[in-house]
> 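Below: one structure in structure tokens.
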Number of protein chains: 2
Amino acid sequence: MEENQVRSDGPIRLLSRRVTISQLADSLSVSKGTVSKALNGYSDVSGRTKARVAEAARKMGYRPLSHAQAIRTGRSRSIGLVIQADEYDGYNLFLRDFLAGISQSTSEMGWTLTVASSNSYQDFQQVVCRMVEQRKVDGFILPRILVHDPRYALLKRMEIPSVLFGRLWESEDDLIADSEAICYDIDGELAFAEAVLRMQKHGHTRIGFVGAPSEYTYAHIRRNGYIFGMEKAGLEIDDKLIVSDIRTRKNGAQATQWLLETEEPPTAIIFATDEIAMGAYTVASQFNLSLGHDLSISAYDGAAWGRIMSPALTSYQVDMGKAGRRLSSLLIGHIEGKKLDDQEEIAPAKFIRGGTDGPPALSSYELGRKFRRSVNGNGSQLVRQIGERQ
Amino acid sequence: MEENQVRSDGPIRLLSRRVTISQLADSLSVSKGTVSKALNGYSDVSGRTKARVAEAARKMGYRPLSHAQAIRTGRSRSIGLVIQADEYDGYNLFLRDFLAGISQSTSEMGWTLTVASSNSYQDFQQVVCRMVEQRKVDGFILPRILVHDPRYALLKRMEIPSVLFGRLWESEDDLIADSEAICYDIDGELAFAEAVLRMQKHGHTRIGFVGAPSEYTYAHIRRNGYIFGMEKAGLEIDDKLIVSDIRTRKNGAQATQWLLETEEPPTAIIFATDEIAMGAYTVASQFNLSLGHDLSISAYDGAAWGRIMSPALTSYQVDMGKAGRRLSSLLIGHIEGKKLDDQEEIAPAKFIRGGTDGPPALSSYELGRKFRRSVNGNGSQLVRQIGERQ
DNA sequence: CTAAATAACGAAAACGGTTTCGTCAAATGT
DNA sequence: ACATTTGACGAAACCGTTTTCGTTATTTAG
């Protein structure tokens, strides 16, 4: 039966036959140089030939080997993402969808995603240099932009293409006028302004804000959104209702408590991130406050676990998958020299209705009284643990 | 001052001077062929020369360009991870540390990590074929192993090296005797047996189990651990206390409720994952049961957000970073043809003490009564929503 | 002491592309 | 009609490696 001596059984060898540029050239009776030029849009090959080549390439399923291209051109059709392993990212709300988005988009364009990790900004530099020197990647996506981001500065000085997830920010109140930077970001300003207005519509007049670590540009953007919303709502901006530089749930709880300890406490608090908003749950359960009634809160990120809290966290969700797709597409376009009509692309966040906000059940005064009474009634380790503000 | 005409200002060009093999060869007055052979351990180059070359390479910081190697050798010194975008992974408990571990280890060995994504197993095949055909990667890491894992089957048939995070499993009760598969896994069996014994030590005798979707091999492993633990504890294994194929928090809540509805309900329940254990929180708050007293639970994964629940979830943590490091190291070793002393590496999980387990405050009978009373007292939408078991 | 084997290296051909030239016909200018 | 430009292509160099194949000295065997 089996007369074919050459092993016809055994593992399938799908890796078998890639078609090379020479084969393609032979089948068209042209030189491989011409094929290459045709495919890369050189001007010294006729339209007819270009069409023939393109057609044949499609038919034979020819895909140039990017390694081979890289060695001559220095470009590898690959983009890089270095994940900052040293950075605090307690609840992983970041990565999966983002990565899926990036890799989906890159692979659609025939590119590749290479990921590395670094443990410090020092380390980042080495990692980047190595990858670039080795021509592993042609550009980088930078997530979580810092106020003076050394990563962006480095890449810019080295003239390595990059796109930012987030925006640049110079000093306390100025967006950097770096017309070269390509950004994609979510409109945090808008989301936080809306959040304020939503609280106002519920009937709140004392609305607090708990901000993220000010090293991140988004911390300033969100804070500005809050300020803007307060102005638009015609509410007084009271510095005593604003806390900054909060990163963890634990500190979020401290911040919440500080706000409730003020003379005229906020009946609604807006948190810069879902994670720090968790602190409000801690405080609420400690001091017997009902979220969504006694105290209203809303946050930002739209993390999945926010919905399993009870009550579910009202938040603004960012579409990480889309962010990844857009960023990778912007980066590849930039590397390929496409001119963008706009260097900055801003997408809206999506409101996620939860159960943590509603009309105030208590006035600011009543809330303060209830809180203080609960503090005293409580064995209140928490209070002692927390100590003085600032 | 500055008399150097050549642009000394402007962007630093760190990408400037890679040293090539030719330069290295010239500086030693040998041919580049010899250098290559020396570095790759060929036998037809003398020990003295090998040493000289190695020394000079180190001094000049020579690193071969993997693209150039790839084109000749067909190997790119890169490993692949394809993330399954279609797969349910509600709470992202997976990725970040794992990726950091993998990329750290790969880059230490001078390799690269390439990540792609797919939306189906169909898609997976295409993605893999493309990456291999294009020589983008030399092997894959496969996380979340399925009972009949089409990914592993595919890679094996194509003779593409792979390592598994998890173990193979054939039928309901048999580990596949696939001596070729290289695995790294956490000892789920041990963890679940321990969890049972811990509950027994607390004084529980009715201990339930809620299992993960049986498509995953870990579901069977963890279930076996539970069974083994029960036997070792000398407790009766009651099928009515075992639920399987639970994936989400919502279904976890259903399962919990089913167990509490049985005639002789468990006073302790062990959940296969942190996520489904969240369901117990839902049920507990709905029916006014105190976790850690009325009902004890423990879970598995050690997700960060488990610790922000109140009470904090008792769980077993798996070190994702280490898993990533080991897997990438195993894979690279395998690709390079190293013989392993053991194809299977099993690491222990780390117990995370939370507040959800303790001595039973109620007997099984009392718990059942309390639960039923609460159900009736309750408007209990939950009950109606849930419907009949199976 | 000569013939054969071996050790250690260099020259050059791959690998799969891109890019620089040179060439030759056709089109254009005068 | 002749000189010149242009258009379209092939030949060959090149990118940075690996790998094959000679080619020499130097050992070893007979």
Side-chain angles (χ1 to χ4, degrees), chain A residues 15-54 56-57 60-78 110 112 132-136 138 336, chain B residues 15-54 56-57 60-78 110 112 132-136 138 336:
Chain A
L15 44 167
S16 49
R17 272 317 139 215
R18 242 188 50 83
V19 2
T20 72
I21 200 175
S22 303
Q23 293 167 14
L24 181 54
D26 287 352
S27 87
L28 287 168
S29 309
V30 298
S31 73
K32 53 180 197 169
T34 300
V35 172
S36 173
K37 284 183 279 187
L39 259 21
N40 292 319
Y42 276 58
S43 63
D44 69 340
V45 32
S46 74
R48 244 178 47 81
T49 310
K50 272 181 184 167
R52 281 181 59 218
V53 170
M60 304 180 58
Y62 168 72
R63 309 267 301 167
L65 200 60
S66 63
H67 292 311
Q69 302 181 293
I71 165 185
R72 187 84 233 265
T73 65
R75 296 241 244 82
S76 56
R77 296 174 160 277
S78 168
T112 294
V132 170
E133 217 179 74
Q134 304 261 110
R135 293 161 176 59
K136 299 267 191 180
D138 303 329
E336 286 178 336
Chain B
L15 43 169
S16 50
R17 273 317 140 215
R18 243 189 49 82
V19 4
T20 72
I21 200 175
S22 302
Q23 293 167 13
L24 181 54
D26 287 353
S27 88
L28 286 168
S29 310
V30 297
S31 74
K32 51 184 195 166
T34 301
V35 171
S36 173
K37 284 183 279 187
L39 259 21
N40 293 319
Y42 276 58
S43 63
D44 68 340
V45 32
S46 74
R48 242 179 48 80
T49 311
K50 272 180 186 167
R52 280 181 59 218
V53 170
M60 305 180 56
Y62 168 71
R63 310 265 303 167
L65 198 60
S66 64
H67 292 310
Q69 301 182 295
I71 165 187
R72 189 82 237 261
T73 64
R75 296 241 245 82
S76 56
R77 296 175 159 277
S78 168
T112 294
V132 170
E133 216 180 74
Q134 304 259 109
R135 293 162 177 59
K136 298 267 190 179
D138 303 328
E336 286 178 336

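Only heavy atoms go into these numbers, but all of them, side chains included; no hydrogens, no water, no symmetry mates. Note on naming: letters A, B, ... go to the chains in the order of the sequence lines (proteins, then strands), and numbering restarts at 1 for each one.
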> Please check the phosphate of D/dC21 (OP1 and OP2 only) for any side-chain N or O of B/Y42 closer than 4.0 Å.
no
> Would you say the side-chain atoms of B/R18 pair up with the backbone N or O of B/R63, donor to acceptor, closer than 3.5 Å?
yes
> For each nucleotide in nucleotides 5-14 of chain D, reading 5' to 3', give B when a protein heavy atom comes within less than 4.0 Å of its base, S when such contact involves only the sugar-phosphate, and - otherwise.
---BBB---B
> What are the two closest heavy atoms between B/V45 and B/T34, and how far apart are they?
CG2-CG2, 4.5 Å
> Output the rounded distance in Å from CG (B/L28) to P (C/dA8).
17 Å
> Nearest 0.5 Å, what's the CG-NZ distance between B/L24 and B/K32?
12.5 Å
> Could you pull out the protein-nucleic contacts involving nucleotides 23-29 of chain D (nitrogen or oxygen on both sides, under 3.5 Å)?
none

> Hey, are A/K136 and B/S78 close enough side-chain-wise for a donor-acceptor pair under 3.5 Å?
no
> Could you give the distance from CZ (A/R72) to CD1 (B/I71), rounded to the nearest 0.5 Å?
12.0 Å
> Could you work out which one of C/dG17, C/dG16, D/dT18 sits closest to the side chain of A/Q69?
C/dG17
> How about B/D26 and B/Q23: do any of their side-chain heavy atoms sit closer than 4.5 Å?
no
> Rounded to the nearest Å, what distance is computed from the CZ atom of residue B/R135 to the P atom of nucleotide C/dG16?
7 Å
> Looking for any heavy atom pair under 4.0 Å, which part of the strands does A/S36 touch: base, sugar-phosphate only, or nothing?
base
> What is the distance, to the nearest angstrom, from the CZ atom on B/R75 to the C1' atom on C/dC15?
16 Å
> What is the distance, to the nearest angstrom, from the CG atom on A/L24 to the P atom on C/dG17?
9 Å
> Is a donor on one side and an acceptor on the other found under 3.5 Å between the side chain of B/R135 and the backbone of B/A70?
no
> Could you give the CG-to-C1' distance, from A/N40 to C/dT20, as a whole number of Å?
15 Å
> What is the distance, to the nearest angstrom, from the CD atom on B/Q23 to the P atom on D/dT17?
9 Å
> Whole-Å distance between D/dT19 P and B/L39 CG?
13 Å
> Within the distance-only criterion (no hydrogens, no angle test), does the side chain of A/R75 pair as donor or acceptor with the backbone N or O of A/Q69 below 3.5 angstrom?
no
> For the residue pair B/G61 and B/V19, what are the closest heavy atoms and their distance?
O-CG1, 4.2 Å
> Using whole Å, report how far NE2 of B/H67 lies from C1' of C/dT18.
15 Å
